[in-house]
Amino acid sequence: MAQPLDIELEEEFAQKRMTRALFLRLFGYVKPYRRLVALNLVFTVLATVSQLLGPKFIQVGIDNYLTRFSTKEAAIHGIFVISAIYLGNLLLGWGLTSIQVRTTIQVGQGAMNDLRLAVFEHIQKLSLNYFDRTQQGRIISRADTDIDSLDRVVTWGGSQLLSSLLTLIGVFALMLRYDWRLSLAVSLVLPALLFATRLFHLHGLKAYRKVRAHSSRLAAAMAENIQGVRVVQAFAREDENLERFESLHGEYAGHAIAAARVFHTYMPFIGFISGVGTCIILGYGGQLALRGEITVGELAAFVLYLGMFFGPIQTMGDLYNAVLSTAASAERIFQLLDTEPQVRNRPDATALPPLRGAVAFDHVWFRYDSTPANHWVLKDISFEAQPGETVALVGHTGSGKTSVISLLARFYEPHKGQIRVDGVELQSATVESLHQQIGIVTQENFLFTGTVMENLKYGRPHASEDEVKEAARILGTDGMIQRFAEGYQTKVGERGGNLSAGERQLLTITRAMVARPRILILDEATSAVDPQTEEVLQHALEKLFEQRTCFVIAHRLSTVRNAHRILVLDSGAVVESGTHDELLARKGPYARLHDEFLGQSAPR
């Protein structure tokens, strides 16, 4: 079931501006904090009013106590009073701004946290076909770098935009009130400002999209190299990989410099326009002041308001620069959130009751998204397993064994046919109720950071420590765990890196047993266990297999000889089925596999 290309987190996406729909969706994460938003708006307005009063106090001080005064003592007293008022206004503005900043951070970080949780939750729900087709580094880039780039706009964008707009409107109204001629003179520089803003918009959008795309490629290359570091070192690929990474980084640096050049050309130009406007006001306004048409205080206040006029424009330019980057990041994040899992609950899906463990594959066909349309990974697979039976799947690499159990675990959906458990079609049941009753041990033997006990309880967190230790004793892994430095409380490093491959695999087998699954799947679960340990495990596994339906994949045919049924797969089809003895007697594909295994395991 192929997924559309636009949900594969491809690096190519529509060259468009921050749309209204995208903007509203992004700020939809702010809605739960609307009371704080309302409080923030009140204090933003009050802080802006306080800021706008500053030049007015200076104008009053100049006109009433510096250029016109009755006595020196009265002037000193008046300057002292107006200075005290000015200082009080500064303190008031500082207090209002502090509250504004606090509420802004609470709203912004709350919304960002909700978005991060939504992305993390959604990634866990995506089907495996998505991860088959998407580089890990690109997914991490969405959940980390892209979300971080939204912080400036989501946290500070609304507050800064409101403050800047209020300041612009207030300043413009006050400038008109002081003198319309000076306001008209200032408008001479506005066409150049609008033209520069338009150019910045056009070139900045393209530049920042390229930066984000190449940033994601860098993250993907880094993640891949870290995961494959053993292979890199084993084949002495350090220099070649460094050269490739340098090439990618060179492309990224080039686009980053281009984006920075656009922004850092635009911002100084705004400062230049502001300076030109100040020169016009000083020249023209100075003449008006000399002719007595305006006061010196009014000219001083007008110059201060002019600085306040261009300040918000610079702030909005800086904010717009962040929006350009945010638009690309938001598109990519919502592209991820809009990716529908291939495997999901139907509207009428119901939870599975406690399973007996009967499994039936009925004419099942399957291929992966990356598989050519005319090539089937599984072809017309049909078989049944009764509760308590052990079914072994054998065959050469690529024959389809893992695909069968992946469909049973419902990591993927079949293209044709049905899979039933206890007579219930899997697609009519909830995914959660199935996974709660299935235990899987793979050859990847993945462990999480934490203690050994925490890892063993991963599938059943509420299991008691005694239950965990009892499962380990049955399997014969308790002795190994007790030999660890701190026993069950031994710290497990990232991916279990401080344990041997065999130890990790034994722990994952124990973890599956602790979960008490009704259906147990072992995919090469003994591949990293030495023959002596494997013999111990076989006895314990046989006891556990009696109580549940088990599916076993193993290249070591010695691990499947006691299975109730062995399915031999070749090129995606079941070519033989029977017990070990029956299949040997037929002298068919299984017998040939058995002879190959004996030849490989014979001493040389």
Report, as yes or no, whether the 6.0 Å neighbourhood of atom CZ on R35 holds more than 12 heavy atoms from other residues, nucleotides or ligands. no

Spacing of T295 atom OG1 and I62 atom CD1 [to the nearest 0.5 Å]: 8.5 Å

My understanding is that only residues two or more places apart in sequence, or in another chain, count here; which of them pass side chain to side chain contact (heavy atoms under 4.5 Å, CB included) with N113? L117

Expected output: side-chain R344 to main-chain P341 donor-acceptor under 3.5 Å: yes

Within a 6.0 Å radius of atom CZ on F334, are there more than 12 heavy atoms belonging to other residues, nucleotides or ligands? yes

Taking atom CG of L92 and atom CG of L46, what is their separation to the nearest 0.5 Å? 8.0 Å

Close side-chain approach of V153 and F27, heavy atoms under 4.5 Å: yes

Donor-acceptor pair between Y488 and N455 side chains, under 3.5 angstrom: no

Excluding sequence neighbours, so at least two apart, what forms side chain to side chain contact (heavy atoms under 4.5 Å, CB included) with Y368? D132, F366, S370, T371, V377, S403, Y412

Taking Y29 for its side chain and M112 for its backbone only, find out whether a donor-acceptor pair lies under 3.5 Å. no

Just do the side chain to side chain contact (heavy atoms under 4.5 Å, CB included) check on T449 and V492 with the steps written out, would you? CA-CA 5 Å; T449 302; V492 177; over 6 Å; no

Using atom types as modelled and distance alone, determine if a side-chain donor or acceptor of N40 lies under 3.5 Å from a backbone N or O of T103. no

Value rounded to 0.5 Å, distance of OG in S428 from CG in D348: 7.5 Å

Considering all heavy atoms of both residues, which atom of A463 and which atom of V514 are nearest to each other, and what is their separation? CB-CG1, 4.1 Å

Working to the nearest 0.5 Å, report the span between CG of L39 and CD of Q106. 9.0 Å

Distance-only polar pair, side chains of Q160 and T315, donor-acceptor under 3.5 Å: no

For N345 and A429, work out which heavy atoms get closest and say how close. OD1-O, 4.0 Å

Measure the spacing between CG of L426 and CZ of R410 and express it to the nearest 0.5 Å. 6.5 Å

Whether the side chain of R460 engages the backbone of K457 through a donor-acceptor N/O pair (distance < 3.5 Å, no angle test) should be reported. no

Whether over 12 other heavy atoms sit under 6.0 Å from F272 CZ: no

Closest non-hydrogen atom pair, L126 against T339: CD2-O, 3.6 Å

Could you list all the side-chain hydrogen bond (donor to acceptor under 3.5 Å, both in side chains) pairs where at least one residue sits in residues 170-180, not counting sequence neighbours? Q59-Y178, D179-R181

Specify the closest pair of heavy atoms between Q437 and L352, including all atoms of both residues, with the distance to one decimal. NE2-O, 3.7 Å

Is there a side-chain contact between F80 and I85, using heavy atoms and a 4.5 Å cut-off? no

Please walk me through it: do Y130 and H122 pass ring-ring contact (aromatic ring centres under 6.0 Å, His included)? CA-CA 12 Å; Y130 174 81; H122 188 72; 8.1 Å; no

Going by distance alone, is a donor N or O of one side chain under 3.5 Å from an acceptor N or O of the other, for S433 and T430? yes

Output for pair (S183 OG, L174 CG), nearest 0.5 Å, gives 10.0 Å

Mind running ring-ring contact (aromatic ring centres under 6.0 Å, His included) on Y305 and F309 for me, showing each step along the way? CA-CA 6 Å; Y305 280 127; F309 180 80; over 10 Å; no

Are the charged groups of D338 and R25 less than 4.0 angstrom apart, N to O? yes

Heavy-atom nearest pair, P517 first then A512, reads CD-O, 3.1 Å

Identify the heavy atoms of I281 and L306 that sit nearest to each other, and give their distance. CG1-CD2, 3.7 Å

Are D148 and R116 close enough, and set up right, to give a salt bridge (Lys or Arg N to Asp or Glu O under 4.0 Å), and what steps lead you there? CA-CA 10 Å; D148 283 345; R116 284 190 179 92; 2.9 Å; yes

